[in-house]
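Here is how names work: the chains are called A, B, and so on, in the same order as the sequence lines, proteins then strands, and each is numbered from 1.
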Amino acid sequence: MRASNFLISTLKETPSDAEVISHQLMLRAGMIRKSASGLYSWLPLGLKAVRKVEKIVREEMERASAQEVLMPAVQPAELWEESGRWTEYGPELLRLQDRHGRDFCLGPTHEEVITDIVKKELRSYKQLPVNFYQIQTKFRDEIRPRFGVMRSREFIMKDAYSFHINEESLKDTYQGMFDAYVRIFDRLGLDYRPVIADNGSIGGSGSHEFHVLASSGEDDIAFSDSSDYAANVESAEALAPVEPRAAATQELSIIDTPNAKTIAALVEQFNLPIEKTVKTLIVEASEESDSTLIALMVRGDHDLNEIKAENLPQVKSPLTFATDEQLKDNIGASAGSLGPINLKMPILIDRSVAQMSDFSAGANIDDKHYIGINWERDLPLAEIADLRNVQEGDPSPCGNGSLIIKRGIEVGHVFQLGLKYSQAMNASVLDENGKAKNMHMGCYGIGITRVVAAAIEQNFDDNGIIWPSSLAPFQVALVPLNYDKSEQVKETTDKLYQELLSAGVEVFLDDRNERPGVKFADMELIGIPHRLVISDRGIKAETFEYKGRTDEQKQDIATQGASEFLIEKIKG
RNA sequence: CGGGGCAUAGCGCAGUUUGGUAGCGCAUCUGGUUUGGGACCAGAGGGUCGUAGGUUCGAAUCCUGCUGCCCCGACCA
């Protein structure tokens, strides 16, 4: 490709609304342009990177025996009503009507459509297992799009759905897809980790996320410092402290705490160790509970894990905190003075709370707290559950070492869905006994456009993007100096360009009539891995100047055999 | 959804406090000089100052409504 036929639309200055480095560089390099909040156009350069990701993903999907399909982006409401998600999904689902007033949505995901197809097309267990994938535009009306294409509303995703006669077959394909994902992210050259993820209300053991490690990531990942255990903090188990509960040493007493509405204030004003305080959070109970509200208690220095909480059968999902009116009506005290003593509702306590002694908590009377509370002496021990987020330094749930927390960008997710959709939509095949059986399902996603951003987030320097070879829009930049004045530079460059093209090298010829500095800066910003400078001076000495994008030093190479040299470099 | 901020040329910004008819840098176009790290000189084009209304002799500037964008929060007991 010649620069004269290709849109190079680089910016010297960083647009002020771009916050993370990948967004800034994608704008500056002319990869993307914004149309509206969370909606981006991909310019030629950016699209090339997208296509690179897609190609690798396609190859590995085919290798894993998945078949490519293409489903509509606009989906009928009936399918979503059938699965129950028309009402469940919430405002992220962009709904629209056609001219007849019929309801549709822009697909945020395609379980409904694929399940509908499969239930209509497949009859027999002999046709299973099957695995279909597509690479397609999704739309999610995100509450807050940000970070450019990292969290946009419209994005390109590879999604795959597998169907099975039993759980064993599902697990088999799940492992196959897991392995395919490992291959994909290896080939993309990213620093990533598969991590154990929340499987929501579906249960089972089957869900992993693939995270690219980057400080700008929106997820916290917990790693063991001495094994390969890694889990999303949302789903990392918080173990009970090893030390048994200490014996009570203090009397239970009630104190006035008029200005202590928060744990921090309580700790500060009364000089209490924060590990001796508990937070009491009142949430709505599930329908199977006798009570309308339920109390959740975690240690003062711990954070409630909402996912763990709402996965508990006693707790309403989605997690809904009690309003101030509900607190007043049911307890008679407001948030800031709540605690377990004399609380007329079910209580769930975190494992670490169960181990506490001589602790303090609100008295359920405004502006009063109890101190010196002890389980079994002052009140019966409440029901124990894992309710909190793990913290750095906690023992690893795998039993080896302690946890380190790092940030990650979720670029892939593999998930054993089980029977959720096949039951709701009655997708079945006949088994070997001629009986209808709902199919087990798995789903597997990769955020294609997010991968592009994540790759940049992990590979850049002061001069711009440093593409991993697998994603680079071009492998080689030819930078001739004085291309339109010097006949010998032009001839030499054109000849080399043709040679590389015939060898199948993705080569970019910067034939613009720009000064050298401009070309160098642009090629570096765009992140082309290999650069060759062709100049009169070099030709006279029978050399070209080569520099790899991350090389410290330039080097002169012989004009003879320059293409071979470059091809070797590209191979790495 | 709650809180905060912003909206002036393609991009980055000044001008708004104190009302007087719009400016700077980059980019673009023309001519010339330059050509190994984001050149220089001369000239040119480009703005209903987000939008609708109000106040005023006069509004980018003051007031009101609306829209868009950005940030923070949505963990509070």
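Contact of Arg512(A) with G38(B) (side chain to base): no donor-acceptor pair of N or O atoms is detected under 3.5 Å.
When heavy atoms are screened at a 4.0 angstrom cut-off, Arg537(A) is found touching base atoms of the nucleic acid. Among the heavy atoms of the strands lying under 4.0 Å from Ser37(A) are primed sugar atoms or P, OP1, OP2 only; no base atom is included. Looking at heavy-atom distances under 4.0 Å, Asn389(A) makes contact with a base. Counting non-hydrogen atoms under 4.0 angstrom, Arg388(A) reaches nothing in the nucleic acid. Residue Leu281(A) is classed as a base contact, given a heavy-atom separation below 4.0 Å to a base. Within 4.0 Å of Ser16(A), counting heavy atoms only, lie sugar-phosphate atoms of the nucleic acid but no base atom. Arg33(A) comes within 4.0 angstrom of nothing in the nucleic acid, heavy atoms only.
For RNA chain B, the residues of residues 17-27 of chain A within the heavy-atom distance limit of 4.0 Å (strictly under) are Asp17(A), Glu19(A), sorted by number.
For the pair Arg450(A) and Phe155(A), the NZ or CZ position fails the cation-pi test of under 6.0 Å to the six-membered ring centre and within 45 degrees of the ring normal.
The only option from Arg407(A), Gln391(A), His211(A) that meets the side chain to side chain donor-acceptor pair (under 3.5 Å) definition with Asp220(A) turns out to be Arg407(A). When each of Ile526(A), Ile465(A), Leu25(A), Val149(A) is tested with Met31(A) by the rule side chain to side chain contact (heavy atoms under 4.5 Å, CB included), just one qualifies, namely Ile465(A).
Side-chain contact annotation: Asn342(A) with Asn364(A), donor-acceptor N/O pair under 3.5 Å absent.
Spacing of C1' atoms, C72(B) relative to G53(B), comes out at 32 Å, to the nearest Å. Separation of the C1' atoms belonging to G46(B) and U33(B) is 26 Å when rounded to the nearest angstrom. Going from the C1' atom of A77(B) to that of U67(B) covers 38 Å, rounded to whole Å.
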N/O contacts under 3.5 Å, protein versus nucleotides 26-34 of chain B?
unit_1 : atom_1 : unit_2    : atom_2 : d
U34(B) : O2     : Arg515(A) : NH1    : 2.7

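Ion pairing between Asp366(A) and Lys328(A) holds under the 4.0 Å rule for side-chain N and carboxylate O.
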Under the salt bridge (Lys or Arg N to Asp or Glu O under 4.0 Å) rule, what do Lys495(A) and Glu491(A) come out as? Steps first, then yes or no, please. CA-CA 6 Å; Lys495(A) 180 162 165 281; Glu491(A) 266 174 35; over 6 Å; no
Could you go through the salt bridge (Lys or Arg N to Asp or Glu O under 4.0 Å) check for Arg151(A) and Glu218(A) one step at a time? CA-CA 10 Å; Arg151(A) 179 169 298 280; Glu218(A) 294 188 275; 2.8 Å; yes
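For Lys34(A) and Val518(A), each mapped to the nucleotide of RNA chain B holding its nearest heavy atom, the one lying further toward the 5' end belongs to Val518(A). RNA chain B is contacted by both Asp536(A) and Asp303(A); Asp536(A) maps to the nucleotide lying nearer its 5′ end (nearest heavy atom per residue).
The side chain of Phe321(A) sits closest to C76(B) out of C75(B), C76(B), C71(B).
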